[in-house]
Novice: 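A single structure is presented below for examination.
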Amino acid sequence: MSFVEYRDTIKDGDTAIVFLGHESMFPVKVQHGGKTQTKYGVIRHSTDLIGKRYGSKVTCSKGGWVFILHPTPELWTMNLPHRTQILYSTDISLITMMLELKPGSIVCESGTGSGSLSHAIIRTVAPTGHLYTVEFHQQRAEKAEEEFQEHKVEHLVTVKNQDVCKNGFGVSNVADAVFLDIPSPWEAIGHAKSALKIEGGRICSFSPCIEQVQRTCLAMEEHGFTEINTLESLLRVYNVRTVSLQIPDLGKAAEDNSGTGFDSSNQSNPESLYGILQQGTAQFKSGVPLKEMVGHTGYLTFATKSLF
């Protein structure tokens with residue numbers, strides 16, 4: 001099992017996603033003799049998972065059932081253990097596009113955190129690209145490296161435990177793109193410029209506060225970066241619901257036609273039936289926005305390394 005190479009059947013040692021519903025899923029490491037408890041009962045790894053196809057419907061001990069899904073960066077973002085605040089798919093998709101990432105790209109990242117963005121970058125640059133990710137916190141760096149090995153992507157990523165603001169990324173003039181998610185990104189702009197390839201490259205900095213953005217933009221300008229711009233991505237979700245509306249009573253067409261000699265009591269006249277509309281309700285599908293939505297997550301500042 002790998003997050004970048006897919007296969008049909010579940011094997012011992014795989015990381016799989018137990019899907020109970022769109023708002024309820026979690027990862028599990030498949031092991032011979034292992035058991036996983038769900039609200040629908042126990043899943044026995046040896047008999048219920050190993051050898052079954054990904055996407056299979058598995059019946060639990062209480063008679064309920066779940067689906068077992070192959071892991072992807074998107075599913076991992078929704079289910080990973082949080083060691084830090086993470087980036088979600090809304091920002092990740094914009095980052096990978098604006099940094100112009102593709103298979104074969106070399107990327108430098110700091111900090112690694114919980115590895116949400118890291119997995120998405122690895123899948124994007126595979127099979128010939130590489131990610132150099134730097135994490136200041138030693139335990140988080142070790143845990144991230146362990147997860148990359150479990151997910152069979154360790155050949156695509158190098159994890160370094162160091163302070164990027166003081167020691168940089170450990171590489172020079174090789175990166176196509178640099179991503180910064182640290183408290184003081186302006187202190188790492190010089191190292192980011194050194195890591196980027198000589199003929200140019202893109203940089204992105206994620207910051208929750210506008211004051212951080214201001215200092216980062218000034219540092220980018222001082223180091224010769226061009227095309228500096230800051231974006232904010234907001235996601236608004238709509239629910240499709242069945243809505244019932246009352247049919248309006250439009251009244252009688254000839255309700256006030258006494259001057260024309262029309263006898264409204266004459267029911268044989270078809271015009272007298274025109275306005276007799278039985279009131280009721282009609283149902284139709286409608287898109288309704290959620291009462292609450294995810295607001296500000298952070299500002300994304302992009303820039304390009306100048307060729308001069």
Novice: Rounded to the nearest 0.5 Å, how far apart are OG of Ser61 and NZ of Lys35?
Specialist: 9.0 Å
Novice: Determine the minimum heavy-atom distance between Leu101 and Ala177, stating which atoms define it.
Specialist: CD2-CB, 3.7 Å
Novice: Between Ser2 and Val4 (side chain of the first, backbone of the second, donor and acceptor by atom type, cut-off under 3.5 Å), is there such a pair?
Specialist: yes
Novice: Side chains of His130 and Val125: closer than 4.5 Å at any heavy-atom pair?
Specialist: no
Novice: Hey, are the side chains of Glu5 and Pro127 touching, using non-hydrogen atoms and a 4.5 Å cut-off?
Specialist: no
Novice: Cluster partners of Val171, using ILVMFWY side-chain heavy atoms under 4.5 angstrom, listed by chain and number?
Specialist: Ile106, Tyr132, Val134, Val164, Phe169, Val174, Val178, Leu180, Ile182, Ile189, Leu196, Ile203, Met220, Phe225, Ile228
Novice: Between Thr242 and Lys285, does any side-chain donor sit less than 3.5 Å from a side-chain acceptor?
Specialist: yes
Novice: Kindly list each side-chain donor-acceptor pair under 3.5 angstrom involving residues 286-293, sequence neighbours excluded, with atom names and distances?
Specialist:
none

Novice: Is it possible for you to say whether Tyr238 and Tyr88 belong to one hydrophobic cluster, with membership spreading through side-chain heavy-atom contacts below 4.5 Å?
Specialist: no
Novice: Measure the spacing between CD of Glu150 and NZ of Lys152 and express it to the nearest 0.5 Å.
Specialist: 8.0 Å
Novice: If you count every heavy atom of other residues, nucleotides or ligands that lies below 6.0 Å from Lys197 atom NZ, does the total exceed 12?
Specialist: yes
Novice: So do His151 and Thr15 actually touch side chain to side chain, heavy atoms under 4.5 Å?
Specialist: yes
Novice: Which pairs with one or both residues in residues 74-84 pass side chain to side chain donor-acceptor pair (under 3.5 Å), sequence neighbours excluded?
Specialist: Thr72-Glu74, Glu74-Arg123, Thr77-Ser116, Arg83-Glu147, Thr84-Ser114
Novice: Can you pull out every ring-ring contact (aromatic ring centres under 6.0 Å, His included) where at least one residue sits in residues 31-62? Sequence neighbours excluded, please.
Specialist: Tyr54-His70
Novice: Determine whether a donor-acceptor pair (N or O, by modelled atom type, separation under 3.5 Å) exists between the side chain of Arg202 and the backbone of Met98.
Specialist: yes
Novice: Phe26 and Val66: same hydrophobic cluster, using ILVMFWY side-chain contacts below 4.5 Å?
Specialist: yes
Novice: Within the 4.5 Å heavy-atom criterion, are Ser207 and Pro185 side-chain neighbours or not?
Specialist: yes
Novice: What distance do Ile10 atom CD1 and Ser56 atom OG have between them, rounded to the nearest 0.5 Å?
Specialist: 6.0 Å
Novice: State which residue, out of Ile122, Leu156, Val153, fulfils the side chain to side chain contact (heavy atoms under 4.5 Å, CB included) condition with Phe3.
Specialist: Val153
Novice: What's the separation between atom OG in Ser110 and atom CD in Gln162, rounded to the nearest 0.5 Å?
Specialist: 8.5 Å
Novice: Would you say the side chains of Thr90 and Ser233 form a donor-acceptor pair under 3.5 Å?
Specialist: no
Novice: Determine the minimum heavy-atom distance between Val159 and Ala141, stating which atoms define it.
Specialist: CG1-O, 3.7 Å
Novice: Quick one, Ser46 with Gln31, criterion side chain to side chain contact (heavy atoms under 4.5 Å, CB included). Give me CA distance, side-chain angles, the key distance, then yes/no.
Specialist: CA-CA 7 Å; Ser46 298; Gln31 295 176 316; over 6 Å; no
Novice: So Thr216 and Ser205, side chain to side chain contact (heavy atoms under 4.5 Å, CB included) or not? Walk me through it.
Specialist: CA-CA 8 Å; Thr216 302; Ser205 174; 4.0 Å; yes
Novice: For residues Ala175 and Cys108, report the shortest heavy-atom separation together with the two atoms involved.
Specialist: CB-SG, 3.9 Å
Novice: Are the side chains of Ile68 and Leu49 in contact, using a 4.5 Å heavy-atom criterion?
Specialist: yes
Novice: If hydrophobic clusters are built from ILVMFWY residues whose side chains come within less than 4.5 Å, do Val240 and Val243 share one?
Specialist: no
Novice: Can you check whether Leu300's main-chain N or O pairs, donor with acceptor, with Glu232's side chain at less than 3.5 Å?
Specialist: no
Novice: As an exercise, state the distance from CD of Gln214 to CH2 of Trp186, rounded to the nearest 0.5 Å.
Specialist: 10.5 Å
Novice: Does the Asp163 side chain pair with the main chain of Cys165, one donor and one acceptor, at a distance under 3.5 Å?
Specialist: yes
Novice: Tracing side-chain links under 4.5 Å among I, L, V, M, F, W and Y, which residues wind up in one group with Leu75?
Specialist: Ile17, Phe19, Met25, Trp65, Phe67, Leu69, Met78
Novice: Can you tell me if Arg7 uses its side chain to pair, donor with acceptor, with the backbone of Thr9 under 3.5 Å?
Specialist: yes
Novice: Could you walk me through whether Asp91 and Phe206 pass the side chain to side chain contact (heavy atoms under 4.5 Å, CB included) check?
Specialist: CA-CA 9 Å; Asp91 288 318; Phe206 176 90; 4.0 Å; yes
Novice: On a heavy-atom basis, which atom in Pro103 and which in Ala126 lie closest, and how many Å separate them?
Specialist: CB-O, 3.3 Å
Novice: If you count every heavy atom of other residues, nucleotides or ligands that lies below 6.0 Å from Glu199 atom CD, does the total exceed 12?
Specialist: yes
Novice: How many angstroms lie between CG in Leu234 and OG1 in Thr297, if you round to the nearest 0.5 Å?
Specialist: 7.0 Å
Novice: Going by atom types only, do Thr124 and Thr96 share a side-chain donor-acceptor pair under 3.5 Å?
Specialist: no
Novice: Could you tell me whether a side-chain N or O of Ser24 sits under 3.5 Å from a main-chain N or O of Leu20, the two making a donor and an acceptor?
Specialist: no
Novice: Heavy atoms only: give me the nearest Cys217-Thr301 pair and the separation to one decimal.
Specialist: SG-CG2, 3.8 Å
Novice: Heavy-atom distance under 4.5 Å between the side chains of Thr281 and Ile247, does that happen here?
Specialist: no
Novice: Given the rule in the side chain to side chain contact (heavy atoms under 4.5 Å, CB included) test, do Phe148 and Ser118 qualify, once you have shown the distances and angles that lead to the verdict?
Specialist: CA-CA 9 Å; Phe148 293 142; Ser118 304; 3.7 Å; yes
Novice: Under a 3.5 Å threshold, yes or no: a donor from one side chain and an acceptor from the other, between Gln283 and Ser244?
Specialist: yes
Novice: Could you tell me if the side chain of Asp181 sits less than 4.5 Å from the side chain of Leu117, heavy atoms only?
Specialist: no
Novice: Check whether more than 12 heavy atoms from other residues, nucleotides or ligands sit under 6.0 Å from atom CD of Glu142, and answer yes or no.
Specialist: yes
Novice: Can you check side-chain hydrogen bond (donor to acceptor under 3.5 Å, both in side chains) on Glu145 and Gln149, steps first, answer last?
Specialist: CA-CA 6 Å; Glu145 192 167 19; Gln149 292 174 354; 4.7 Å; no
Novice: Restricting to side chain to side chain donor-acceptor pair (under 3.5 Å), what partner residues turn up for Ser93, sequence neighbours left out?
Specialist: none
Novice: Just wondering, do Leu87 and Ile95 contact through their side chains at under 4.5 Å, heavy atoms?
Specialist: yes
Novice: Tell me whether Glu135 contacts the main-chain N or O of Thr112 through its side chain, where contact means a donor paired with an acceptor under 3.5 Å.
Specialist: yes
